[in-house]
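Within every chain, numbering begins at 1; the chains are lettered A, B, ... in the order of the sequence lines, protein sequences first and strands thereafter.
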There are 2 protein chains.
Amino acid sequence: MPVLALFGSYGYLRAFLVRFHKPMHKSDIPRKTIYRLSIYNRVLQRLRETGAQTVSSEALATAAGVKSTQLRKDLTYFGQWGTRGLGYNVEALAKAITGVLGMAKLQPVILVGAGQLGTALLRYGGFAKEGFEVVAAFDADIETRRPRDIKVPILHSSKMTDFIRERGVKLAILTVPGSVAQQVANELIAAGVQAILNFAPAVLHVPERIVVNNVDLAIELENLSYFVK
Amino acid sequence: MPVLALFGSYGYLRAFLVRFHKPMHKSDIPRKTIYRLSIYNRVLQRLRETGAQTVSSEALATAAGVKSTQLRKDLTYFGQWGTRGLGYNVEALAKAITGVLGMAKLQPVILVGAGQLGTALLRYGGFAKEGFEVVAAFDADIETRRPRDIKVPILHSSKMTDFIRERGVKLAILTVPGSVAQQVANELIAAGVQAILNFAPAVLHVPERIVVNNVDLAIELENLSYFVK
DNA sequence: CTGTGTGAAGGCTTTCACAGCC
DNA sequence: GGCTGTGAAAGCCTTCACACAG
């Protein structure tokens with residue numbers, strides 16, 4: 001598995017470069033660190049609005065809900081950004097994190113499945129603020145799915161594959177019923193999608209090069225209910 | 001921190017009992033195992049519908065997207081459920097997992113913040129199927145928030161605390177704007193809520209006895225965008 | 001003296017290897 | 001022979017302790 005993973009896609013080459021060339025972009029940053037970088041970035045954004053110039057690891061970590069050592073360790077994965085005795089430059093650190101996360105440019109995203117949850121997400125708009133644009137939505141039934149207040153075009157599923165190819169879409173949000181999730185995921189991957197944010201209550205089986213993040217509301221609730229007495 | 005955690009609420013007493021009495025219910029099952037138990041349960045449900053009597057760890061694990069050794073290890077945390085050379089009894093295993101997750105009884109849940117995302121979740125209904133009932137929703141502005149097709153009553157925030165106390169609500173879904181999330185969380189906790197499913201893009205600072213699961217759409221997308229080249 | 005950077009230690013989770021039962 | 005149960009090993013992530021820079 002470790003060996004296989006290395007050879008999956010161009011992983012092996014990248015690992016090689018990483019070790020000898022020390023990149024400032026992508027490498028073997030732990031998965032959990034990546035998540036936290038997004039959180040740090042948010043806090044930094046807020047700090048910037050308040051006009052703060054610098055921030056200590058202690059302050060930033062507390063605001064992000066982690067320990068300060070954790071924050072410092074997280075940052076060392078891609079360089080040294082602080083000034084000892086002073087802290088971090090808010091602006092510079094935010095820029096560095098944004099670069100590492102690969103969010104410098106707007107990523108086009110599509111949404112598949114314009115049901116209750118799907119249309120809510122379309123309206124929700126919390127994505128654009130963070131550098132994503134949902135460029136289109138797809139559904140098998142676009143007749144009954146026509147909320148007037150949504151600006152994103154809702155197209156028929158049959159146009160999905162061509163759209164992905166033409167626009168080079170790599171990110172998809174999947175909000176279809178669980179029963180068709182796997183099949184739709186297969187189509188997405190065949191068309192060139194590389195990462196899927198899956199809201200469908202189903203386990204997606206995908207090639208190793210594809211990344212899937214699952215958001216399952218029922219499972220989150222079940223998990224919580226275990227911890228309440 | 002470890003010592004403090006032990007004394008938080010009745011943790012110390014429970015730890016003591018666990019060590020010497022060996023409970024079949026709740027104990028130190030790893031957090032990640034709890035998540036997977038929910039997934040196993042789903043797969044078992046589907047198997048039951050197809051009429052299958054038994055299932056091997058290999059088959060169940062594959063369907064759940066994990067390795068078979070992982071599945072078997074997960075199950076040993078709360079007993080022995082298989083028959084060597086044969087596999088697991090579908091019915092019995094499902095019942096055992098449901099028991100461990102503490103989902104024997106319907107958990108009343110409230111939703112706070114009836115905006116786009118909140119109302120979508122109310123309509124979504126994916127919870128009820130899994131043993132949860134959203135008994136009420138709350139919002140600071142119930143005038144403009146009156147979708148006619150939602151059966152769950154939407155009440156004014158001022159009634160929230162009393163409602164939680166009277167009904168003994170322990171689980172809450174938080175779909176308010178990030179700017180007020182901490183304040184609303186404080187109210188929920190003061191009223192007796194023990195676990196929060198937080199959709200607000202904010203880091204909640206809560207006492208150690210409170211459990212928070214965060215679902216942050218923007219962060220999930222950012223995370224994916226790191227992995228696409 | 002304040003606050004970052006980091007090797008080493010510790011803790012948690014997954015995987016392995018194989019003993020044991022049907 | 002087939003398949004589960006599990007101690008031990010490996011891997012990953014977090015925390016500690018402290019060197020070191022401003």
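- Distance A:Gln70 CD to C:dG10 P: 18 Å, rounded to the nearest Å.
- The separation between A:Lys32 atom NZ and D:dC12 atom C1' is 9 Å, rounded to whole Å.
- Nearest nucleotide to the side chain of A:Arg36, out of D:dT14, D:dG7, C:dC16: D:dT14.
- The shortest non-hydrogen separation linking A:Leu60 to A:Tyr40 is CD1-O, 4.3 Å.
- Comparing B:Tyr88 and A:Thr69 by the nucleotide of DNA chain D that holds the closest heavy atom to each, the one mapping nearer the 5' end is B:Tyr88.
- Phosphate proximity of C:dT6 to A:Gln80: present, with a side-chain N or O under 4.0 Å from OP1 or OP2.
- One atom, OH of B:Tyr77, and another, P of D:dG5, lie 14 Å apart when rounded to the nearest Å.
- In this structure, CG of B:Leu71 is placed 15 Å from C1' of C:dT13, rounded to the nearest angstrom.
- B:Tyr35 and B:Asn213 form a side-chain donor-acceptor contact under 3.5 Å, judged by distance and modelled atom types alone.
- For B:Asn89 and C:dC22, the CG to C1' distance is 15 Å, given to the nearest whole Å.
- Here the closest non-hydrogen pair linking B:Ala181 and B:Ala202 is CB-CB, 4.1 Å.
- Contact annotation: B:Ser57 side-chain N/O to D:dT4 OP1/OP2 distance is under 4.0 Å.
- Comparing A:Thr33 and A:Arg72 along DNA chain D, the residue whose closest nucleotide (by nearest heavy atom) sits nearer the 5' end is A:Thr33.
- One can place CG of B:Leu75 at 13 Å from P of C:dT14, the figure rounded to the nearest angstrom.
- As a whole-Å value, the separation of B:Arg84 CZ from C:dC21 C1' is 5 Å.
- Taking each heavy atom of A:Val193 and A:Lys170 in turn, the nearest pair found is CG1-O, 3.5 Å.
- Straight-line distance from the NZ atom of A:Lys73 to the C1' atom of D:dT14: 9 Å, rounded to whole Å.
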